[in-house]
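The next block holds one structure in the form of structure tokens; read it before the comments.
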Protein chains: 2
Amino acid sequence: MREELLRRINERVWHPGDIIPGEADLAEEFGCARTTVNRALRDLAESGLVTRRRKAGTRVAINPPHKATLTIPIIREEVEGRGSIYSQSLLKRDKQTLPPHLHAAFPVSAADRLLYTETVHFADDRPFMFEERYTNLEAVPSFEAIAFDLITPNEWLVQNAPYTAGDLTFYSVNAGQRLARLYEALEETPLFVMERTTFNGDLPITHVRMTYGPGYRLRTRF
Amino acid sequence: MREELLRRINERVWHPGDIIPGEADLAEEFGCARTTVNRALRDLAESGLVTRRRKAGTRVAINPPHKATLTIPIIREEVEGRGSIYSQSLLKRDKQTLPPHLHAAFPVSAADRLLYTETVHFADDRPFMFEERYTNLEAVPSFEAIAFDLITPNEWLVQNAPYTAGDLTFYSVNAGQRLARLYEALEETPLFVMERTTFNGDLPITHVRMTYGPGYRLRTRF
DNA sequence: TAGTGGTCTAGACCACGCC
DNA sequence: GCGTGGTCTAGACCACTAT
């Protein structure tokens, strides 16, 4: 059913931009229940191949957007998934105010108490990723009392601080003095950065910048 | 219904790792049909909050993976979405064999004919992205006859070469001599790279490396 | 083998939004 | 207004897999 619909789209039986028959018609044609057609079309809409509007009907997408689902792994699992031994080291931990350049990305009020943590993550004792994190203690009070020798800030938060929304940004930086030393690389080495901010409703939970070691690639299939 | 299930997960009525009641039980408790429960739980599973296995039941995910849906825009739309004027320039177009370093990423047989295209994409006449593309003419014969003055290789392919699967990679590079000149930046400038390979079944369609200008950030919400 | 989720049917009511 | 998709019900059979 869903496969036949897919075939008609891919083999251009229905062209991009075309309106396709309504659910009731398709159900009759395929000799199945409308619920089944609805499910199939809803799935196709979710993957972006068709767009649906009440009363206007279902259309084959003109530019099927390249949608890809990124699964951001827990660092430990990412490292262990490569067959390496994971370890981590907490470099710094103190209360700080939010640096001005993060005001837009992490909208905590000035009065909020923030815990800043700096962690290096290792794969087989070689630095793999450098993490700088601001966590909103107003949102997660018990975070302050956690010792991060057994569990990482990331894992603790994932398991204890539910979020409802978030924001991901990827970009590129030079290593700079400090990270060059950490990764034993040149200061000009290009590094891959992922920034994540999570919210519970409107409440900012945590903002983290993860700067990966030289040569890191983020991959996904679609 | 789905919201109540979400609440129980977020507010730790059900803890991570817990097994939650079966669909039949929940349907009875909520006084609704099992289909409805199934739909809600299926959605939660898709977003990664619960994991489901036949006979084993449904469990609250221990480490709810950060899943994010990346929508890779058409370049023209990305540029115009920023309020800039889009233009492009085809720098190069010839038949080439696949460079060795791409053999793994783009598995065409040596005999296959490839068209190589090099395009610069501009926003308000300033270089925005540099695109290097290998396209498998065995898979898309008519690609060879297209003039890319009105439509970009990317847009033509999206509209005319259906794909069923693909592969996305993100990483970071230094500009190097050539791109430094293009972007009027230093050679050490870190640039953001996105590589995409698409397939129709097992048939490789196209491989493209997109190197964005300095300061580019890829963003998504979840 | 038995219990669980996966999927289907046939029918219904409703909300949205073109016309 | 009315046609469309969105969602629900009550019931059924099936596929997988833990035990």
Side-chain angles (χ1 to χ4, degrees), chain A residues 1-10 13-65 67 69 71 164-165 221-222, chain B residues 1-10 13-65 67 69 71 164-165 221-222:
Chain A
M1 163 83 231
R2 175 160 41 221
E3 283 154 16
E4 170 61 11
L5 296 178
L6 255 180
R7 191 189 65 76
R8 294 192 186 181
I9 293 173
N10 279 340
V13 178
W14 295 323
H15 291 84
D18 280 4
I19 210 164
I20 75 180
E23 296 189 349
D25 297 338
L26 287 172
E28 193 178 352
E29 182 195 335
F30 285 103
C32 69
R34 187 169 79 92
T35 315
T36 308
V37 177
N38 178 274
R39 165 98 194 260
L41 286 177
R42 196 158 34 80
D43 287 354
L44 290 181
E46 198 162 337
S47 73
L49 281 176
V50 301
T51 57
R52 320 193 71 195
R53 281 190 349 259
R54 283 172 158 110
K55 171 73 182 173
T58 301
R59 288 177 180 278
V60 179
I62 302 182
N63 287 326
K67 274 192 183 170
T69 303
T71 304
T164 57
R221 296 169 202 279
F222 55 87
Chain B
M1 163 82 232
R2 175 160 40 220
E3 283 155 15
E4 170 60 13
L5 295 177
L6 255 179
R7 192 189 64 77
R8 295 193 186 181
I9 292 173
N10 279 340
V13 178
W14 296 322
H15 291 84
D18 279 6
I19 210 165
I20 74 180
E23 296 189 350
D25 297 338
L26 287 172
E28 193 178 352
E29 183 195 336
F30 286 103
C32 70
R34 185 169 81 91
T35 315
T36 309
V37 177
N38 178 275
R39 165 101 194 259
L41 285 177
R42 196 157 36 78
D43 287 354
L44 290 180
E46 199 162 335
S47 73
L49 280 176
V50 302
T51 58
R52 322 192 71 194
R53 284 197 338 268
R54 282 173 158 110
K55 170 72 180 176
T58 301
R59 288 176 181 280
V60 179
I62 302 182
N63 288 325
K67 276 193 183 170
T69 303
T71 303
T164 57
R221 296 170 199 279
F222 57 87

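Order of the sequence lines fixes the chain letters, A, B, ..., with proteins taken first and strands second; residue numbering starts at 1 for each chain. The basis for the numbers below is simple: all heavy atoms, side chains too, and nothing from hydrogens, waters or symmetry mates.
- One interatomic measurement links the two molecules: CD of B/Glu28 to P of D/dT9, which rounds to 14 Å at whole-angstrom precision.
- The distance between atom CG of B/Leu41 and atom P of D/dC8, rounded to the nearest whole Å, is 13 Å.
- The number of heavy-atom neighbours closer than 6.0 Å to CZ of B/Arg42, taken from other residues, nucleotides and ligands shown, is above 12.
- The side chain of A/Arg52 places an N or O atom within less than 4.0 Å of a non-bridging phosphate oxygen (OP1 or OP2) of D/dG6.
- We find that CZ of A/Phe30 is positioned 17 Å from C1' of C/dT9, with the value rounded to whole Å.
- For the pair B/Arg42 CZ and D/dG6 P, the computed distance is 14 Å after rounding to whole Å.
- Listed here is the closest heavy atom pair of B/Asn38 and B/Arg52: ND2-NH1, 3.9 Å.
- Nearest to the side-chain atoms of B/Thr58 among the listed nucleotides C/dT7, C/dC8, C/dG5 stands C/dG5.
- Atom CG of B/Asn38 is separated from atom P of C/dT9 by 15 Å (rounded to the nearest Å).
- Tested against A/Trp14 for a side-chain contact (heavy atoms from CB on, under 4.5 Å), the candidates A/Ile19, A/Thr58, A/Ile9 yield a single pass: A/Ile9.
- The CG atom of A/Leu26 sits 18 Å away from the P atom of D/dG3 (whole-angstrom rounding).
- In this structure, B/Arg39 atom CZ and D/dT9 atom C1' are separated by 14 Å, rounded to whole Å.
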Sugar-phosphate or base contact per nucleotide [nucleotides 11-19 of chain C; S, B, -; heavy atom under 4.0 Å]: BB--BBBB-

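- Only one option out of A/Thr36, A/Asp43, A/Val37 pairs with A/Arg2 in a side-chain contact (heavy atoms from CB on, under 4.5 Å); it is A/Asp43.
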Report, one line per pair, each donor and acceptor closer than 3.5 Å where one atom sits in a side chain of residues 24-34 of chain A; sequence neighbours left out.
residue: A/Glu29; atom: OE2; partner: A/Arg8; partner atom: NH1; Å: 3.3
residue: A/Glu29; atom: OE2; partner: A/Arg8; partner atom: NH2; Å: 2.6
residue: A/Arg34; atom: NH1; partner: A/Glu23; partner atom: OE1; Å: 2.5

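- Side chains of B/Arg59 and B/Thr51: no donor on one and acceptor on the other come within 3.5 Å.
- Counting to the nearest Å, the P atom of D/dC8 and the CG atom of B/Asp43 are 10 Å from each other.
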